[in-house]
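What follows is a set of notes on a single structure, which appears directly below.
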2 protein chains.
Amino acid sequence: MDFDEFIEILKGINIKITPARLAILSIFDKAEKHLSIDEIYMMAKKDVPNLGIATTYRTVKLLCDAGIIEKHNFEDCETLYEKKTVKNHSHIIDMESKEVEEFTSEKIKKAILEIAQDLGYDLVNYRLELYCHKK
Amino acid sequence: MDFDEFIEILKGINIKITPARLAILSIFDKAEKHLSIDEIYMMAKKDVPNLGIATTYRTVKLLCDAGIIEKHNFEDCETLYEKKTVKNHSHIIDMESKEVEEFTSEKIKKAILEIAQDLGYDLVNYRLELYCHKK
DNA sequence: ATTTTTGCAAACAGTTTGCATATCT
DNA sequence: AGATATGCAAACTGTTTGCAAAAAT
């Protein structure tokens with residue numbers, strides 16, 4: 001999904017295109033890593049110097065609700081956000097550097113679906129996080 | 001692990017046995033579900049009427065550090081605590097009732113270990129949560 | 001012109017801390 | 001007695017909200 005598609009989504013949900021929103025949107029569009037609110041705020045401020053923290057929170061929430069970005073609460077980390085990918089994926093957190101890597105495993109996914117079924121549930125979503133040391 | 005063993009652990013780490021600590025300890029010993037700080041506070045207050053919330057937090061933190069209880073931050077839930085079991089387990093969260101059930105799966109565990117290895121990490125711990133609707 | 005969005009400051013929830021007093025060993 | 005733990009209130013962090021002014025449609 002690219003930048004213009006994002007904007008179409010925003011227009012679709014009756015939302016005005018403003019400099020603050022464009023700035024934050026484009027940060028996520030370019031981001032190579034998971035971002036904290038403060039990082040987003042700092043980066044966006046370069047484009048929109050008088051941006052307020054409240055607007056940052058509001059915009060991030062908006063993008064979450066619109067399904068454009070995703071929120072993560074990893075253990076011992078501040079809340080982080082990333083652009084949502086179609087494929088749902090899991091995370092590996094390097095416990096020293098706090099760096100986050102992503103992966104998917106059909107094998108694990110299948111096993112999880114199975115377990116949920118066995119226990120009498122319909123799986124809606126799951127969260128899998130591996131806390132590791134780099135070898 | 002039973003109540004007396006808990007107390008031995010506390011003594012072992014040079015910690016005084018006080019009514020507040022006994023009360024909170026025994027709540028976890030009996031608890032059949034995951035507990036929020038407020039629930040712990042309310043329950044413990046029955047035994048120790050002038051208990052303060054600060055002591056509740058301090059004691060809960062103490063028990064976490066001692067490895068007696070475990071902290072969970074499930075999505076859209078308040079922070080919850082449970083007595084730590086030797087076996088590490090995963091959680092199924094019923095998205096309507098917010099009830100939490102536990103399970104273990106060697107199959108999943110194995111697959112997870114494998115993945116971590118493949119990606120060049122040593123697995124220290126993992127967190128797996130299934131968000132579901134009850135069938 | 002109308003509606004939505006913004007920045008600011010104040011409010012808020014959950015948690016932690018400083019301190020003088022009380023409790024444990 | 002000496003060391004630790006407690007309750008209280010104040011501080012603090014991360015986040016949300018009310019409002020009047022500003023900007024988008």
Side-chain angles (χ1 to χ4, degrees), chain A residues 6-27 34-66 68-81 98, chain B residues 6-27 34-66 68-81 98:
Chain A
F6 282 153
I7 293 186
E8 285 314 310
I9 291 180
L10 291 190
K11 283 183 179 162
I13 52 176
N14 235 343
I15 267 181
K16 291 182 177 169
I17 310 298
T18 68
R21 285 171 182 172
L22 283 178
I24 291 175
L25 208 38
S26 96
I27 286 167
H34 295 60
L35 301 171
S36 69
I37 282 285
D38 266 5
E39 286 171 329
I40 299 162
Y41 179 51
M42 296 307 187
M43 291 167 80
K45 244 176 141 48
K46 286 180 193 157
D47 268 325
V48 185
N50 64 343
L51 176 68
I53 188 71
T55 300
T56 308
Y57 275 106
R58 283 189 276 234
T59 304
V60 163
K61 180 155 197 307
L62 187 100
L63 298 181
C64 275
D65 292 347
I68 292 169
I69 66 174
E70 212 166 2
K71 179 180 183 172
H72 297 293
N73 285 295
F74 302 127
E75 292 183 41
D76 299 315
C77 290
E78 10 164 46
T79 300
L80 296 174
Y81 300 85
K98 308 270 171 182
Chain B
F6 282 153
I7 292 185
E8 285 316 308
I9 292 181
L10 291 190
K11 283 184 181 164
I13 52 176
N14 233 344
I15 268 181
K16 291 183 178 168
I17 309 297
T18 67
R21 286 170 182 173
L22 282 179
I24 292 176
L25 207 40
S26 94
I27 285 166
H34 295 60
L35 301 171
S36 68
I37 281 285
D38 267 5
E39 287 171 329
I40 299 162
Y41 179 51
M42 296 307 185
M43 291 167 79
K45 244 177 141 47
K46 285 181 195 159
D47 268 325
V48 186
N50 64 341
L51 177 68
I53 188 72
T55 300
T56 307
Y57 275 106
R58 283 189 276 233
T59 304
V60 163
K61 181 156 195 308
L62 186 102
L63 297 181
C64 276
D65 291 348
I68 292 171
I69 67 174
E70 211 167 3
K71 179 179 181 171
H72 297 293
N73 285 295
F74 301 127
E75 292 184 41
D76 299 316
C77 291
E78 10 165 41
T79 301
L80 296 175
Y81 300 86
K98 308 270 173 185

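Every chain is numbered from 1, with letters handed out A, B, ... down the list of sequences. Keep in mind that what you see is a predicted model, and the values were worked out from it rather than measured.
- We find that CG of B:N73 is positioned 19 Å from P of D:dT13, with the value rounded to whole Å.
- The only member of B:I69, B:I27, B:L80 that meets side-chain contact (heavy atoms from CB on, under 4.5 Å) when paired with B:L35 is B:I27.
- In this structure, the CG atom of A:L51 is 15 Å from the C1' atom of D:dA22, given to the nearest Å.
- Taking side-chain N and O atoms only, B:Y57 has no distance below 4.0 Å to OP1 or OP2 of C:dT16.
- Although no hydrogens or angles enter the test, the distance criterion places a donor-acceptor pair under 3.5 Å between the side chain of B:K98 and the main chain of B:D76.
- Remark: side-chain polar atoms of A:K45 are not paired, donor with acceptor, to backbone N or O of A:I40 under 3.5 angstrom.
- A 4.5 Å side-chain heavy-atom check between B:S36 and B:Y81 finds every atom pair outside the cut-off.
- One interatomic measurement links the two molecules: NZ of A:K61 to C1' of D:dG14, which rounds to 15 Å at whole-angstrom precision.
- One interatomic measurement links the two molecules: CG of B:D65 to P of C:dT16, which rounds to 10 Å at whole-angstrom precision.
- Here A:R21 does not reach the OP1 or OP2 of C:dT4: none of its side-chain N or O atoms lies under 4.0 Å away.
- Within the 4.5 Å cutoff, side-chain heavy atoms of A:I37 are placed close to those of A:I53.
- Distances shown here put every side-chain N or O of A:T55 at or beyond 4.0 Å from the OP1 or OP2 atom of C:dC8.
- Two residues are said to be in side-chain contact when any heavy atoms from C-beta on lie closer than 4.5 Å; A:T59 and A:T18 fail this criterion.
- In this structure, A:N50 atom CG and D:dA21 atom P are separated by 17 Å, rounded to whole Å.
- Between A:L25 and A:I68 the shortest side-chain heavy-atom distance falls below 4.5 Å.
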Subject >> Nucleotide-resolved protein contact map, nucleotides 17-25 of chain C, B/S/- at heavy-atom distance under 4.0 Å >> reply: BB-----BS

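- The nearest whole Å value for the distance from the OH atom in A:Y41 to the C1' atom in D:dT15 is 14 Å.
- Atom CD in B:E78 sits roughly 8 Å away from atom P in C:dG14 (whole-Å rounding).
- If you take CG of B:L10 and P of D:dT4, they are 15 Å apart, rounded to a whole angstrom.
- For D:dG7, neither phosphate oxygen OP1 nor OP2 lies less than 4.0 angstrom from any side-chain nitrogen or oxygen of B:T56.
- B:I53 comes within 4.0 angstrom of nothing in the nucleic acid, heavy atoms only.
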